[in-house]
Amino acid sequence: MSGEAAVFARGLTRRFGDFTAVESLDLEVAGGEIFGFLGANGAGKTTAIRMLCGLLPPSGGEARVAGCRVGRDTGALKRRIGYMSQRFSLYEDLTVLENLEFFGGVYGLGRAELAARADELLPRLGLDAERGRLTGSLPLGYKQRLSLGCALAHRPRVLFLDEPTGGVDPVARRGFWDLIYEQAADGVTVFVTTHYMDEAEYCGRVSIMVQGRVVALDTPSGLKARTGGVDMQDVFLRLVDA
Amino acid sequence: MNAADGMSGAAIRVEGLRKSYGGRAAVRGLDLAVAPGRICGLIGPDGAGKTTTMRIVCGLLRPDAGVARVLGRDSAREPRAVRERLGYMPQRFSLYPDLTVAENLRFFADLFGVPASERVRREAELMEFSRLGPFRQRRAGQLSGGMKQKLALSCTLIHTPEVLVLDEPTTGVDPVSRREFWRILRELAGRGLALLVSTPYMDEAGLCDEVVLMHEGRAIARGTPDEVAATFPRRLLEVRGAGLPAALTILTTSPLPGVKVHRYGDRLHVVHDDAAQADEVARLLANAGVELHPVAPGIEDAFVELMAAPAGGEATP
Ligand SMILES: Nc1ncnc2c1ncn2[C@@H]1O[C@H](COP(=O)(O)OP(=O)(O)OP(=O)(O)O)[C@@H](O)[C@H]1O
Ligand SMILES: [Mg+2]
């Protein structure tokens, strides 16, 4: 399987009635890459991610993620990917540890395995001291790290993060990106959306989507060179406001 | 400061505000004033007390001590009178998912008693900022996350109250719409509205007339954006260039005592105190393929530094 892209899409399309939310998306993301999937509101990012995660059937095209054919190898796909949704859903009345165990359990991890994974993840997420705390009482930044933990519990090879840092302050965002880098260093492919343009700079490559289509795809410096933008904020404004 | 700008002419005025939930103090003695025509930005980490403060100002929550006044009325005693003259957008605004974009706007316009002619004019302006025009007939439940947020904002801005309180209005909103949205806020301020806005975006904090940085229920810095930036007590070197990843590795694997490194998009900020440290950094990075320049701090530098410091008194410019 060497050389195969971790995320591959060709002609991936999704229509809702006569509205096309994602129009013929072509993508190839390499293993271990941090890929920034940016775009305007309503451009189709969440729709595309939900298709790549096998949560929404495409209207057309094909995709392969972590070696699985999307729409065919559904069980295997679920086990090999992690997904943190835009409105992440933790159980507020469970403790931190219980949430982690619950989500790991969904993926079929056994008791001993879950305990070991929790011992490994909680300190890395900076949540060790909170393991017994009720999730509902945690600040947003903590919940965000816990959702990441839940998406990571089963050691996925590809991680889809849909606006993981929305509403988070600059200090907590840096901490979160440290965690993303750690995952990538471990070989996990990270596919991430964000509306914070400083974070776009932290990605290896970035695509920018407008109205269902990818209008640019390159490294941040490549995009700046091509558009004449001074930073990614400027690049985004130039491409999206055109 | 003239009388209209001073505390006495403030549209929003908060004094000695305190609020605890159970045993946990959320706000511990906060003062704040926003004059008509001004935008005051509330920034701070989660749990700093921003939302609690806003809810008290809007008369939705009673303080344990202190007072919040809106246009001279006590929010705790006369919540109805206050709410008639104030627009509030909570962090979680509920739209009607089964109503279309147009129907939601219409609903809130009616709720606020906006006359039809005014509504039409305003709606056109809001559709422009939000780019929701082509989606007027779509049900709110089927909008993307950012589109929902922009519709919620539009529903809040469909009427023109005298005071606006917006709790993280631009979360999930893309950079183009954020820029347009701030143009609208500035225009509203120009018409004499007083605005209290919380935001996790430091570039937005820079667009406010005054910024209050809250931490653990208190204001730990306040002033114009430049004044808040100037509370940063140390020196900064900016590192840029193709060798940035290498530079970051060097600085994090052989950390210098008292020197901190933060990523800022495509550059690093190296926080230090004296020329000797700056020279040492320059020596370490001599072959890394980067350029170093001393730079003036921004709000984000002050924010990051103040968060790292133990919470104490208020830093004043
Ligand atoms: N179930 C649905 N029915 C109709 N339209 C839908 C449905 N789900 C999504 N859409 C539309 O598809 C488009 C893309 O939505 P999507 O959520 O993928 O955008 P996004 O890029 O994630 O935006 P944001 O940055 O705001 O999160 C939007 O116009 C949205 O209204
Ligand atoms: Mg989305």
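This is a predicted model, so every value here is computed, not measured.
- For A/P220, no part sits under 4.5 Å from any heavy atom of chain B, backbone or side chain.
- Of the N and O atoms on the side chains of B/D167 and B/S198, at least one donor lies less than 3.5 Å from an acceptor on the other residue.
- Interface remark: of the candidates A/K45, A/E199, A/H195, A/R173, A/H195 forms the most heavy-atom pairs closer than 4.5 Å to chain B.
- Contact record, A/V206 with A/A200: CG2-O, 3.5 Å, taken as the closest heavy-atom pair.
- In terms of heavy-atom pairs under 4.5 angstrom with chain A, the leader among B/R24, B/R131, B/E300 is B/E300.
- Taking the ring axis of B/Y264 as reference, the NZ or CZ atom of A/R174 stays within 45° of it and closer than 6.0 Å to the ring centre.
- At a 4.5 Å heavy-atom cutoff, A/A172 makes no contact with chain B through either its backbone or its side chain.
- Side-chain contact of B/S177 with B/K150: a donor-acceptor pair under 3.5 Å is present, judged by distance alone.
- To the nearest 0.5 Å, atom CG of residue A/L97 and atom CG of residue A/D128 are 9.5 Å apart.
- In terms of non-hydrogen atom pairs under 4.5 Å with chain B, the most contact-rich of A/G42, A/S221, A/G141, A/G167 is A/G167.
- Considering only heavy-atom pairs separated by less than 4.5 Å from chain A, the leading option among B/G145, B/G172, B/P45 is B/G172.
- Contacts between residues 199-208 of chain B and chain A, counted as heavy-atom pairs separated by less than 4.5 Å, involve B/P200, B/Y201, B/M202, B/D203.
- With hydrogens and angles ignored, the 3.5 Å screen pairs no side-chain donor or acceptor of A/T189 with any backbone N or O of A/V158.
- Note: A/F191 and A/F35 have parallel aromatic rings, judged against thresholds of 30 and 60 degrees for the angle between ring planes.
- Neither the backbone nor the side chain of A/F16 comes within contact range of chain B, judged by heavy atoms closer than 4.5 Å.
- Both the backbone and the side chain of A/V240 come within less than 4.5 Å of a heavy atom of chain B.
- Across B/L244, B/V173, B/I43, the residue that shares the most heavy-atom pairs under 4.5 angstrom with chain A is B/V173.
- Side-chain N or O atoms of A/Y83 include none that pairs as donor or acceptor with a backbone N or O of A/K78 at under 3.5 Å.
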Go through the steps for A/Y142 and A/T135 under the test side chain to side chain donor-acceptor pair (under 3.5 Å), then give the verdict.
CA-CA 9 Å; A/Y142 285 60; A/T135 303; over 6 Å; no
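- Considering CG of A/L90 and CG of A/L138, their distance stands at 9.0 Å, rounded to 0.5 Å.
- Residue contact with chain B, scored on non-hydrogen atoms closer than 4.5 Å, involves the side chain of A/K224 exclusively.
- For chain A, the option among B/P175, B/A48, B/S130 with the highest count of heavy-atom pairs below 4.5 Å is B/P175.
- Interface check for chain B: of the options A/D198, A/N41, A/D162, the most heavy-atom pairs under 4.5 Å are formed by A/N41.
- Checked for salt-bridge contact, A/D178 and B/R263 meet the test: a charged N lies under 4.0 Å from a carboxylate O.
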